[in-house]
Amino acid sequence: MFDKSKVKLGIAPIAWTNDDMPDLGKENTFEQCVSEMALAGFTGSEIGNKYPKDAETLKKALELRGMQICNCWFSSFLTTKPYEETEKEFIKQVDFLKAMGAKIIGVSEQGHSIQGTDKAVFEEKYNMNDEEWNLLCTGLNKLGKIAKGKGISLTYHHHMGTVVQTEEETERFMNNTDPEYVSLLFDTGHFAYSGVDPLKMVQKYVKRIKHVHLKDIRPNVVDKVKNEKLSFLQGVRLGTFTIPGDGCIDFEPIFKVLEEAGYEGYMLVEAEQDPAIANPLEYAMKARKYIAEKTGL
């Protein structure tokens with residue numbers, strides 16, 4: 001079993017309101033979101049667009065509910081913009097996370113990303129050249145060194161529709177970044193969606209994993225996305241993702257690998273779907289029950 005003092009559970013606000021498609025869950029307030037997270041039994045959250053931008057205001061709202069911020073998405077543009085532009089915004093985000101008591105920042109390269117477009121997520125994703133790979137990996141090492149100096153770990157979020165989506169891209173990224181400064185944000189759903197066995201990836205990279213996203217996939221929806229050449233966001237609307245235990249991924253061996261490796265940190269349910277179809281509180285409670293059954297947490 002996991003050590004409850006070292007492994008904590010969080011959930012992402014994207015189940016309540018989708019920042020990429022704000023019409024999904026537009027009726028759900030920040031207060032409702034974090035109250036229901038706590039009610040479902042989670043103690044950690046990532047940051048959504050509706051969250052207060054002032055650290056003290058946000059901290060008070062979370063502390064009232066026994067919650068804390070554990071990570072925040074950060075969009076880097078290392079392959080398409082001058083490095084200094086990304087660094088400036090990165091430092092702002094790291095400083096905010098430090099003020100919130102968080103230990104992790106989740107970076108995803110959005111240069112050349114098609115995740116927010118109407119392009120077919122499998123057929124039209126961008127493939128980097130050698131120069132762009134160098135820009136990405138060198139830039140991440142620099143950002144990771146800055147973050148480490150402030151007590152924050154940079155974890156990289158492989159993601160559908162981005163330049164690090166496939167097994168081969170993940171391997172090249174891992175081989176060309178410094179483990180001292182760059183870790184992996186392991187996302188079960190994004191690996192499964194891209195056609196990679198998440199168990200294989202956790203076994204391979206467990207020693208460099210510092211943050212975990214737990215999400216499941218619905219294979220019939222993934223097949224539809226492939227067959228009809230749909231975009232990433234179209235897939236989300238149709239229900240590509242769901243909570244652990246509600247799709248096709250076998251989480252037990254994944255949990256076992258993390259447990260045996262002595263994983264410490266947050267495991268966070270991040271399962272974006274239409275809240276009008278999948279009630280966020282109901283699904284949060286289902287996810288919490290499933291994780292408790294499988295991990296003892």
Side-chain angles (χ1 to χ4, degrees), residues 8-75 93 96-97 99-106 108 115-116 155 157 159 185 187-190 211-216 232-233 235-247 265-292 297:
K8 301 190 182 303
L9 296 177
I11 190 163
I14 199 165
W16 280 263
T17 302
N18 192 308
D19 290 345
D20 293 324
M21 296 178 285
D23 63 296
L24 295 184
K26 64 181 182 296
E27 70 281 1
N28 296 325
T29 65
F30 159 70
E31 290 81 5
Q32 177 188 343
C33 174
V34 291
S35 293
E36 291 185 354
M37 288 175 171
L39 185 61
F42 294 94
T43 59
S45 173
E46 295 185 353
I47 298 174
N49 278 351
K50 289 184 178 179
Y51 282 38
K53 303 297 187 279
D54 174 70
E56 289 309 311
T57 304
L58 177 54
K59 199 179 288 185
K60 182 179 179 181
L62 293 172
E63 286 175 353
L64 284 170
R65 297 162 173 85
M67 302 276 297
Q68 67 182 110
I69 294 298
C70 60
N71 172 43
C72 182
W73 170 283
F74 177 79
S75 296
Q93 191 67 273
F96 186 80
L97 285 166
M100 292 304 303
K103 304 291 185 190
I104 299 291
I105 185 166
S108 178
Q115 76 179 68
T155 64
H157 191 346
H159 197 288
L185 190 164
D187 189 305
T188 55
H190 280 283
H211 197 61
V212 174
H213 278 177
L214 301 173
K215 63 161 69 78
D216 216 330
F232 174 72
L233 296 183
V236 171
R237 284 187 185 275
L238 291 170
T240 308
F241 295 128
T242 187
I243 54 168
D246 191 45
Y266 269 90
M267 295 195 295
L268 183 127
V269 175
E270 190 209 36
E272 59 264 44
Q273 47 191 326
D274 187 343
I277 298 170
N279 179 273
L281 176 58
E282 178 188 351
Y283 274 72
M285 293 175 79
K286 282 182 182 177
R288 186 66 187 85
K289 183 172 182 283
Y290 176 82
I291 295 166
L297 291 169

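One is the number of the first residue; the rest follow in order along the sequence. Note that this is a predicted model, so its numbers are computed, not measured. No hydrogens, no waters, no symmetry mates; every other heavy atom, side chains included, goes into these values.
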Legend entry - Residues which pass side chain to side chain contact (heavy atoms under 4.5 Å, CB included) with Leu233, listed by chain and number, not counting sequence neighbours: Asp20, Met21, Ser231
Legend entry - Partners passing ring-ring contact (aromatic ring centres under 6.0 Å, His included) against Tyr290 (at least two apart in sequence or in another chain):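 None.
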Quick one: pull up [atom1] in [X] and [atom2] in [Y] and give me the separation to the nearest 0.5 Å.
X      : Y      : atom1 : atom2 : answer
Glu36  : Glu31  : CD    : CD    : 12.0 Å
Arg237 : Gln273 : CZ    : CD    : 13.5 Å
Met37  : Met285 : CE    : CE    : 14.5 Å
Cys72  : Ile104 : SG    : CD1   : 12.5 Å
Ile69  : Met67  : CD1   : CE    : 7.5 Å
Met267 : Leu9   : CE    : CG    : 5.5 Å

Between [X] and [Y], which heavy-atom pair has the shortest distance, and what is it?
X      : Y      : value
Phe74  : Gln93  : CD1-CB, 4.1 Å
Phe241 : Lys215 : CD2-CD, 3.3 Å
Arg288 : Ala40  : CG-O, 3.1 Å
Gly247 : Thr242 : N-CG2, 3.9 Å
Leu97  : Ile47  : CD2-CD1, 4.1 Å
Asp19  : Asn49  : OD2-N, 3.0 Å

Below 4.5 Å, heavy atoms only, C-beta onward: do [X] and [Y] meet side chain to side chain?
X     : Y      : result
Thr17 : Pro22  : no
Val34 : Tyr51  : yes
Trp73 : His159 : yes

Legend entry - Set of residues satisfying side chain to side chain donor-acceptor pair (under 3.5 Å) with respect to Asp54, sequence neighbours excluded: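 Thr57.
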Inset, instruction - For Lys50, look at atom NZ and say whether over 12 heavy atoms of other residues, nucleotides or ligands are found less than 6.0 Å away. - result: yes
Legend entry - Check against side-chain contact (heavy atoms from CB on, under 4.5 Å), Asn71 and Leu268: CA-CA 10 Å; Asn71 172 43; Leu268 183 127; over 6 Å; no
Legend entry - Flag for Glu46-Tyr266: side-chain donor and acceptor within less than 3.5 Å: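 No - no donor-acceptor pair under 3.5 Å links their side chains.
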Inset, instruction - Would you mind checking if Lys286 and Glu282 are paired as a salt bridge, meaning a charged N to carboxylate O distance below 4.0 Å? - result: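 Yes.
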Any sub-3.5 Å donor-acceptor pair from [X]'s side-chain atoms to [Y]'s backbone N or O?
X     : Y     : answer
Lys59 : Ala99 : yes
Ser45 : Gln68 : no
Asn28 : Trp16 : yes

Legend entry - Residue that, paired with His213, satisfies side chain to side chain contact (heavy atoms under 4.5 Å, CB included) out of Leu185, Thr188, Val269: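 The side chain to side chain contact (heavy atoms under 4.5 Å, CB included) with His213 is passed solely by Leu185 among Leu185, Thr188, Val269.
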Legend entry - Aromatic contact, His157 with His190 (centres under 6.0 Å):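 Ring centres of His190 and His157 closer than 6.0 Å.
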